[in-house]
Amino acid sequence: MNPIKIIEATNLAVGKLFSFFVFIGMAIVVYEVIARYVFNASSAWAPRYTQRVFAGYFILIGAYTLIKGSHVRVDILLNTRSPEAIKHE
């Protein structure tokens, strides 16, 4: 099997798996909002963990998004190639 196909299959599997981690980040944000505005008891850990969860989420889901041909593009790589070369990939 082609190594590129193995990498793409791995990225697809990891992307599908980690796509559900956005719900963990959402739960932390909801908890923090309720704690802060309803109970007037904000926490110091929630914003930091939310940042870490979403940072990891965006890094891991980036490869999946690129394979699916969605909105994430690396301009440094795309601007150095001709449009014909990009279409044939």
Write out all pairs satisfying salt bridge (charged side-chain N to carboxylate O under 4.0 Å, His left out) with one or both partners inside residues 3-14, taking only residues at least two apart or from two chains. none
What pairs with Arg48 under salt bridge (Lys or Arg N to Asp or Glu O under 4.0 Å), at least two apart in sequence or on another chain? none
Tyr31 reachable from Tyr49 in the ILVMFWY side-chain graph, under 4.5 Å edges: yes
Please tabulate, for side-chain N and O atoms in residues 33-41, each donor-acceptor pair with protein atoms closer than 3.5 Å (sequence neighbours left out).
{"from": "Arg36", "atom 1": "NH2", "to": "Glu32", "atom 2": "OE2", "distance (Å)": "3.0"}

Straight-line distance of Ile28 CD1 to Trp45 CH2, nearest 0.5 Å: 6.0 Å
Assigning hydrophobic clusters by single linkage (Ile, Leu, Val, Met, Phe, Trp, Tyr; side-chain heavy-atom cutoff under 4.5 Å), is Ile7 placed with Val14? no
